[in-house]
Visitor: 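Have a look at this one before I ask anything.
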Amino acid sequence: MHIAVIGTGIVGVCSAAWLQRDGHTVTFIDPREAGEACSFGNAGSLSPSACLPVGMPGMWKKVPKWLLDPEGPLTIRPAHLPVILPWLIRFLRASSREEVSRIAAAMRGLLKPVFEAYEPLLQRAGATGLVRHTGCLYVYSSREAANQWKWGMDLRRSLGVELRDVDSDELADMEPDLKGRFRFGHYAPDNGSAADPSALVKAIYAQAIRDGAAHLKKTVAGFETANGAVKALRFDDGSGIDVDGVVIAAGAWSAKLARQVGARVPLESQRGYHVTVASSNLQLGRTVMATEYNMMVNPMAMGLRLAGTVELAGLDVPPRYARADALLKKGKELFPHLDTSKTSLWMGHRPCLPDSMPVIGRAPRAENAWLAFGHGHVGMCGGATTGREVANLVAGRAPEIDLSPFRPDRFS
């Protein structure tokens, strides 16, 4: 079949690559180059342990303090509050212990095979060197401080995540640059990271092109349907393309397209900022999650990346780079000796649903349209598995993981 894949982020390119393995012809539809949106600036985590949702039990108690702190981990632009209020109510409902346990179990199923699902794609693209399987450290100022997150860590362990306690001496041996600031940690040996997330996306995309995929740099305005199936895509310039099927993987821009094929999905952009310190003099060997600072630190090919802030403001307003400056300030607090003479700032749109789970499944009103978006903070972690499952759905094969929690109609 000729399948149009709308979106050239990590989910779109992985879906295309897995579809090609089944012999389908693929056309990418995206006005941007591959790997240039959220897939460019994410924290690069490839973490089977990252199964907890954003909304956790008791978080609502912290939100007022965060909102009053201009350098806090969360901000909501006042003009956007009336728009996002229904989303926030759903988000709070998904933050109970019962719901978090259910969501974490579903996400564990999606994220556990991260390296298994990437391996054939990276091998074909000759890009296995872009993935590191070096583990991740969750670090804390003390063992007592770590107890604030004990419930979530115990939930991870109950789902099969290996987390090993690390005391201050071992922590300093593993990562000497952490010495002094952190005195306790949890080591997740099954985790890894991307040395360059954008390069990883581009490598899989480039192989898809070599394997015959085309790329139309256009914006989809809508679909032509007949007898419950999509027959063609129509672009905003009036042109179009006939297709046998379509995968909507346009990240934060997916909701309007999904609505046209029957899926009303409460998709929101959690605008994420990062700072990349190109002049970094640190020698970190793995990803570090500074939990008390709500910040992930990842040594990458282009420098040390600091990420972890959330802004709710929609898709259209310009970035507020003071959010990124706050990350750099925290980075200096964590690593007083960090050389910050050369840095770059970035903002991107994480596509997030209120239950922190993506939409993966067939569209309600089009038998040949499949939805794959809303991965939020775990797009790199879940992109390859999602692509594999999209190919299974298109082929009519049984999924390899339980997709029922991710069904598109769960918000109806």
Visitor: Measure the shortest side-chain to side-chain distance between His2 and Ile241 over non-hydrogen atoms and say whether it is less than 4.5 angstrom.
Guide: yes
Visitor: Backbone N or O of Asp244 within a donor-acceptor pair of the Asn368 side chain at under 3.5 Å?
Guide: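 At least one qualifying donor-acceptor pair exists.
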Visitor: Measure the shortest side-chain to side-chain distance between His80 and Glu268 over non-hydrogen atoms and say whether it is less than 4.5 angstrom.
Guide: yes
Visitor: How would you list all residue pairs meeting ring pair (Phe, Tyr, Trp, His ring centres under 6.0 Å) that involve residues 236-255, not counting sequence neighbours?
Guide: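 Passing the test, one end in residues 236-255: Trp253-His349.
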Visitor: Return yes if some donor-acceptor pair links the side-chain N/O of Thr276 with the main-chain N/O of Ala278 below 3.5 Å, else return no.
Guide: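 Checked: no pair found.
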Visitor: Do the side-chain N and O atoms of Glu311 and Tyr273 include a donor-acceptor pair separated by under 3.5 angstrom?
Guide: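 Judged by distance alone, the side chains do pair up.
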Visitor: Determine, for Arg143 against Asp167, whether the closest basic-nitrogen to carboxylate-oxygen distance falls under 4.0 angstrom.
Guide: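 Salt bridge absent between Arg143 and Asp167.
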Visitor: Does a side-chain N-to-carboxylate-O contact under 4.0 Å join Glu36 and Lys202?
Guide: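 Salt bridge between Glu36 and Lys202, a charged N being under 4.0 Å from a carboxylate O: yes.
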Visitor: Please check if atom NZ in Lys112 has more than 12 non-hydrogen atoms from other residues, nucleotides or ligands closer than 6.0 Å.
Guide: no
Visitor: Indicate the ring-plane relationship of His186 and Tyr140, choosing parallel, tilted or perpendicular according to the 30° and 60° boundaries.
Guide: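 His186 vs Tyr140 ring planes: perpendicular.
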Visitor: With no hydrogens and no angle check, just 3.5 Å: does a side-chain donor-acceptor pair link Thr385 and Tyr118?
Guide: no
Visitor: Has Arg108 got a side-chain atom pairing as donor or acceptor with Gly160's backbone, closer than 3.5 angstrom?
Guide: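 Present.
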Visitor: Identify the heavy atoms of Val261 and Ala369 that sit nearest to each other, and give their distance.
Guide: CG1-CB, 4.3 Å
Visitor: Indicate yes or no for a side-chain donor-acceptor contact from Ser39 to the backbone of Ile10 under 3.5 Å, with no hydrogens or angles considered.
Guide: yes
Visitor: I'd like to check Pro266 versus Arg90 (side-chain heavy atoms, cut-off strictly below 4.5 Å). Are they in contact?
Guide: yes
Visitor: Can you list the residues that meet the ring-ring contact (aromatic ring centres under 6.0 Å, His included) rule with His274, with sequence neighbours excluded?
Guide: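 Partners of His274 under the ring-ring contact (aromatic ring centres under 6.0 Å, His included) test: Trp346.
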Visitor: Regarding Glu33 and Lys217, does a basic nitrogen lie under 4.0 Å from an acidic carboxylate oxygen?
Guide: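 Here Glu33 pairs with Lys217 in a salt bridge, since their nearest N and O are under 4.0 Å apart.
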Visitor: Can Thr386 and His375 be counted as having a side-chain donor-acceptor contact under 3.5 angstrom?
Guide: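 Their side chains do contain a donor-acceptor pair, which is all the 3.5 Å distance test asks for.
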Visitor: Could you tell me whether the side chain of Val5 reaches within less than 4.5 Å of the side chain of Asp30, counting heavy atoms only?
Guide: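 They are not in contact (no side-chain heavy atoms under 4.5 Å apart), so the answer is no.
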Visitor: Is the shortest distance from a Lys or Arg side-chain nitrogen in Asp190 or Arg156 to a carboxylate oxygen in the other one below 4.0 Å?
Guide: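 The answer is no: the pair does not qualify as a salt bridge.
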Visitor: So, are Glu367 and Arg362 salt-bridged, with charged N and O less than 4.0 Å apart?
Guide: no
Visitor: Keeping the roles fixed (side chain from Ser96, backbone from Glu99), state whether a donor-acceptor pair exists under 3.5 Å.
Guide: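 Indeed, once roles are kept as given, a pair shorter than 3.5 Å links the two residues.
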Visitor: For a quick check under 3.5 Å, do Asn191 and Arg132 share a side-chain donor-acceptor pair by atom type?
Guide: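 Not at all, the side chains of Asn191 and Arg132 share no donor-acceptor pair under 3.5 Å.
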Visitor: Can you check whether Tyr205 and Phe28 have ring centres sitting under 6.0 Å from each other?
Guide: yes
Visitor: With side chains defined as the heavy atoms from C-beta onward, is the minimum distance between Val100 and Met56 less than 4.5 Å?
Guide: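 With C-beta onward as the side chain, the pair touches.
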Visitor: Taking atom types as modelled, is there a side-chain donor on Ser142 or Arg183 under 3.5 Å from an acceptor on the other?
Guide: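 No, Arg183 and Ser142 have no side-chain donor paired with an acceptor closer than 3.5 Å.
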Visitor: Does the side chain of Ser47 come under 3.5 Å of the side chain of Ser45 through a donor N or O and an acceptor N or O?
Guide: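 Their side chains do contain a donor-acceptor pair, which is all the 3.5 Å distance test asks for.
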Visitor: Under a 3.5 Å distance rule, please check whether Ser239 uses its side chain to pair with a backbone N or O of Phe235 as donor and acceptor.
Guide: no
